[in-house]
Amino acid sequence: MGNHHGDRPASRRPLLVIAALIAVGAALVAVAVATGALKLGKSADSAPSSEQLAQQRCQAEVLKRLVSPDKATISDVHTETSTLDVDGRDFSSLTASEPLKGVNASRISVLNVAGVANAPSEVGSMIQDHFDCRAYFVDGALAHTLVVFDHAH
């Protein structure tokens, strides 16, 4: 009877190769997830939500109206669904804004984005100014925004 200890390494070799392949595969998946090449739980072409679009557009519009937008910050931002006020605060947007002019009110939905702009004034001192921004969607697509500050800018 021969020594069978010489057979063991040969029988373990396929197991070691399989284990090595699994480890390499797991490492590749981990790198792909970490770099964003593989997105788990989201489709690769997922579009931003209406709330995200409204916040992004409103914040951009707020910054455009400030004296030093590069030195400004925006805080306390919150978004909520609002009703269309055709005879009040939304009247000017509905009658003067080209994307909304003549559109049936039943096709328009509104999100209100509010927050605080922290920015230097004309004389250099920092001010905090509350803003409200109306984001108007026509058939689900963002069509227009209207920014109102508590103070003139």
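All residue numbers refer to positions in the sequence shown, counting from 1. Only heavy atoms go into these numbers, but all of them, side chains included; no hydrogens, no water, no symmetry mates.
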Point to revise | Residue pair Ile74 / Leu63, side-chain heavy-atom distance below 4.5 Å | key: yes

Check your understanding: So how far is it from Thr73 OG1 to Gln59 CD, rounded to the nearest 0.5 Å?
Key -> 10.5 Å

Point to revise | Reported CG-to-OG distance for the pair Leu84 and Ser106, which is rounded to 0.5 angstrom | key: 10.0 Å

**Study point:** Distance-only donor-acceptor check, side chains Arg134 and Ser82, under 3.5 Å
**Key:** yes

Exercise for review: Using only heavy-atom distances, determine whether the side chains of Ser97 and Ser93 contain a donor-acceptor pair under 3.5 Å.
Suggested key: no

**Study point:** Atom of Ala114, atom of His130 and distance for their closest heavy-atom approach
**Key:** CB-NE2, 4.0 Å

Practice item. Look up atom CG in Leu146 and atom NE2 in His144, then write down how far apart they are to the nearest 0.5 Å. Key: 5.5 Å

Practice item. Answer whether the closest heavy-atom distance between the side chains of Thr95 and Lys101 falls below 4.5 Å. Key: no

Practice item. Check the pair Leu111 / Phe137 against side-chain contact (heavy atoms from CB on, under 4.5 Å), numbers first and verdict last. Key: CA-CA 8 Å; Leu111 289 175; Phe137 292 80; 3.7 Å; yes

Review point. In Å, rounded to the nearest 0.5 Å, how long is the span from CG of Asp150 to CG of Asp132?
Key: 7.5 Å

Exercise for review: Go through Asp85 and Phe91 one step at a time and tell me if the side-chain contact (heavy atoms from CB on, under 4.5 Å) criterion holds.
Suggested key: CA-CA 7 Å; Asp85 183 4; Phe91 180 77; over 6 Å; no

Point to revise | With Arg107 via side-chain contact (heavy atoms from CB on, under 4.5 Å) - residues at least two apart | key: Val103, Asn104, Val138, Asp139

Check your understanding: Judged by atom type as modelled, is there a donor-acceptor pair below 3.5 Å linking the side chain of Ser49 to the main-chain atoms of Gln52?
Key -> yes

Practice item. Tell me whether Val148 is reachable from Val110 by hopping between hydrophobic residues (I, L, V, M, F, W, Y) whose side-chain heavy atoms are closer than 4.5 Å. Key: yes

Check your understanding: Shared ILVMFWY cluster between Phe149 and Val113, side chains joined below 4.5 angstrom?
Key -> yes

Exercise for review: Provide the full list of disulfide (SG to SG under 2.5 Å) pairs with a residue in residues 103-139, sequence neighbours left out, each pair given once.
Suggested key: Cys58-Cys133

Point to revise | Minimal non-hydrogen separation, Thr145 against Glu61, with atom names | key: OG1-CG, 3.4 Å

Revision key, fill the gap. For Pro120 and Val67 the tightest heavy-atom approach is O-CB, 4.1 Å

Check your understanding: Taking all non-hydrogen atoms of both residues, which atom of Asn118 and which atom of Ser75 are closest, and how far apart?
Key -> ND2-OG, 3.2 Å

Review point. Side chains of Thr79 and Gln55: do they bring a donor and an acceptor to under 3.5 Å?
Key: yes

**Study point:** Asp90 versus Thr83, closest heavy-atom pair with distance
**Key:** OD2-O, 3.8 Å

Check your understanding: Would you say Val77 and Leu66 are hydrophobically clustered, going by side-chain heavy atoms of ILVMFWY under 4.5 Å?
Key -> yes

Practice item. Considering non-hydrogen atoms only, spot the tightest contact between Tyr136 and Leu100 and give its length. Key: CG-CD1, 3.6 Å

